[in-house]
Amino acid sequence: MLSIYNTLTRKKEIFEPIHPSHVGMYVCGPTVYGDAHLGHARAAITFDLLYRYLKYLGYKVRYVRNITDVGHLENDADAGEDKIGKRARLEEIEPMEIVQRYTNHYHANMAQLGMLSPDIEPHASGHIIEQQQFAKKILENGYAYEMNGSVYFDVEKYNRKYHYGKLSGRKLEDLITNTRELEGQKEKKNPYDFALWKKMTPGHIMHWPSPWSEGYPGWHLECSVMSTRYLGEKFDIHGGGMDLLFPHHECEIAQSTAALGTESVKYWMHNNLITINGQKMGKSLGNAISLNEIRFFQEAIHYLKRLMILCPSVFLSFRHTTAVLLTFQTRQYRLRKKDWNDYGREWLCSTGLPLHPPGRLMPLLLNRKASMRLMMI
RNA sequence: GGUCGGUUGGCCGAGUGGUUAGGCAACGGUCUGCAAAACCGUGUACAGCGGUUCGAAUCCGCUACCGACCUCCA
């Protein structure tokens, strides 16, 4: 027996597949414009475990995990720009070259971690037609509208019949104030509407022809499309990181429901995030430790595996002071001074350990207790 | 506001129904010319309230704090 915490119902439920003996499972995979980091590993491991366990239980499982390799928005500074395109211009190579490189890296990392491969690993760029068809279907069903070559999802209309916000627990009226400013905001009926197809802006590298414009698919469409394509209109499990809960998965539900008239996913699962020094580890936050870096540590000092947390409070509790601090020292630049001033110092005070900033603390502790004492203030 | 977590003895940190986890610090001792090191010994803690159970840190509920996330993001 397997019970699963279902984000949709906010309850732990006993797992019962839609079709006896078969399980369909879709997991949001990486955006391949950079090295995979610990966060990717966590998601992969979480669902690798589930995949193995389901198979162990005797189910025939189809595990689908996508590769996101088409235009997604970056941030407010350069909103509307294709991430992969941007990176490619900087390095002056083909966008698909970047995609290929990081896809390869990702696969290598997953192999290093002993992960089973998904049964199907669809690329968003390989399903442009299907995405257009899906958008068309939503248009036909009246839950989207075209504006200047872009197609937007009509959230308000959808919400009249269905419930937008059921997964994340949001209310539509609260969303009005909390939507970020994006290019093309004015052409939307409502700020919370999202794009199914976006007309390209000049300089945008990855784009495809469509009935509406030369452009690229919306940010959430690929998952709705590829999941239902390979697992059917109804399937069992959809997984991903907690940070995808809203808006990504919420929009996915809306898209699928609007297109198919029925909800697709039975169990929604969200793994929690990895934080570093109390902050989410994220590609764009610049605090991510990549799997290649971890690989380096494992090779250099294998027994440090446990120390991936790298928080100043942890290392002092262990005997392996020397080893721990080696890591710590190498990683020093990742610890912000502020953390030490606000937290580390005060904390060290209560432990009776020497009050030194990391730079000076390091060599002291490397020589273990004796010197530590001598150097105490 | 929404979602998910956490709260263990001076400080860290294991532990998912039934033997004292462990470490650091502290204290006492052995040793030592004095220290340090080393070694021996000493601490019955699980946020609060209620429930389930023969039995709960561990399961359920409520309360209180703390935290992460909610923008492309695993």
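Reminder, nothing fancy here: chain letters follow the sequence lines and each chain counts from 1.
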Indicate, with a heavy-atom threshold strictly under 4.0 Å, whether [X] touches base, sugar-phosphate, or nothing.
| X | value |
| --- | --- |
| G29(A) | sugar-phosphate |
| I274(A) | base |
| G282(A) | nothing |
| H270(A) | nothing |
| G39(A) | base |

When you compare [N] with [M], how far apart are their [atom1] atoms, in angstrom units rounded to a whole number?
| N | M | atom1 | value |
| --- | --- | --- | --- |
| C40(B) | U32(B) | C1' | 16 Å |
| C46(B) | G50(B) | P | 15 Å |
| C39(B) | G23(B) | P | 11 Å |
| U7(B) | G48(B) | C1' | 11 Å |
| U63(B) | C73(B) | C1' | 35 Å |
| C72(B) | G67(B) | P | 26 Å |
| U8(B) | G33(B) | P | 45 Å |
| G9(B) | C49(B) | P | 16 Å |

Spacing between [X] atom [atom1] and [N] atom [atom2], to the nearest angstrom:
| X | N | atom1 | atom2 | value |
| --- | --- | --- | --- | --- |
| H37(A) | C72(B) | NE2 | P | 15 Å |
| M281(A) | C69(B) | CE | C1' | 15 Å |
| R10(A) | G5(B) | CZ | C1' | 15 Å |
| D69(A) | C73(B) | CG | P | 13 Å |
| M206(A) | C72(B) | CE | P | 19 Å |
| L245(A) | C72(B) | CG | C1' | 16 Å |
| L273(A) | A74(B) | CG | C1' | 7 Å |
| K280(A) | C4(B) | NZ | C1' | 13 Å |

Let's test this: given Watson-Crick or G-U wobble pairing with both distances under 3.5 Å, identify the partner of [N].
| N | result |
| --- | --- |
| U3(B) | A68(B) |
| A45(B) | none |
| A38(B) | U30(B) |
| G9(B) | none |
| U53(B) | none |

Checklist entry - In terms of heavy-atom contacts, does NZ of K266(A) have more than 12 from other residues, nucleotides or ligands at under 6.0 Å? => result yes

Item to check | Residues which pass side-chain hydrogen bond (donor to acceptor under 3.5 Å, both in side chains) with Y267(A), listed by chain and number, not counting sequence neighbours | outcome: none

Checklist entry - For the residue pair M206(A) and V70(A), what are the closest heavy atoms and their distance? => result SD-CA, 4.4 Å

Item to check | Proximity of Y59(A) and F15(A) rings by center, below 6.0 Å | outcome: yes

Next on the checklist: I want to know whether H207(A) and Y216(A) have ring centres closer than 6.0 Å.
Outcome noted: no

Using the side-chain heavy atoms of [X], tell me which of these nucleotides is nearest: [options].
| X | options | answer |
| --- | --- | --- |
| H248(A) | G1(B), A74(B), C73(B) | C73(B) |
| P247(A) | C4(B), A74(B), C72(B) | C72(B) |
| N272(A) | C73(B), C4(B), C72(B) | C4(B) |
| L244(A) | C72(B), A74(B), C4(B) | A74(B) |
| D174(A) | G1(B), C4(B), C70(B) | G1(B) |

Checklist entry - Relative to the 5' end of RNA chain B, which residue comes earlier, F246(A) or D243(A), by the nucleotide with the nearest heavy atom? => result F246(A)

Next on the checklist: Assuming nearest nucleotide by heavy-atom distance, tell me which of Y5(A) and N271(A) is located more 5' along RNA chain B.
Outcome noted: Y5(A)

Next on the checklist: Once side chain to side chain donor-acceptor pair (under 3.5 Å) is applied, what residue pairs with a partner in residues 131-143 of chain A remain, sequence neighbours excluded?
Outcome noted: none

Item to check | Partner of H220(A) by side chain to side chain donor-acceptor pair (under 3.5 Å), out of H248(A), Q255(A), E252(A) | outcome: H248(A)

Checklist entry - Between K166(A) and E263(A), is there a side-chain N and carboxylate O pair less than 4.0 Å apart? => result yes

Checklist entry - Is any side-chain nitrogen or oxygen of T7(A) closer than 4.0 Å to OP1 or OP2 of U3(B)? => result no

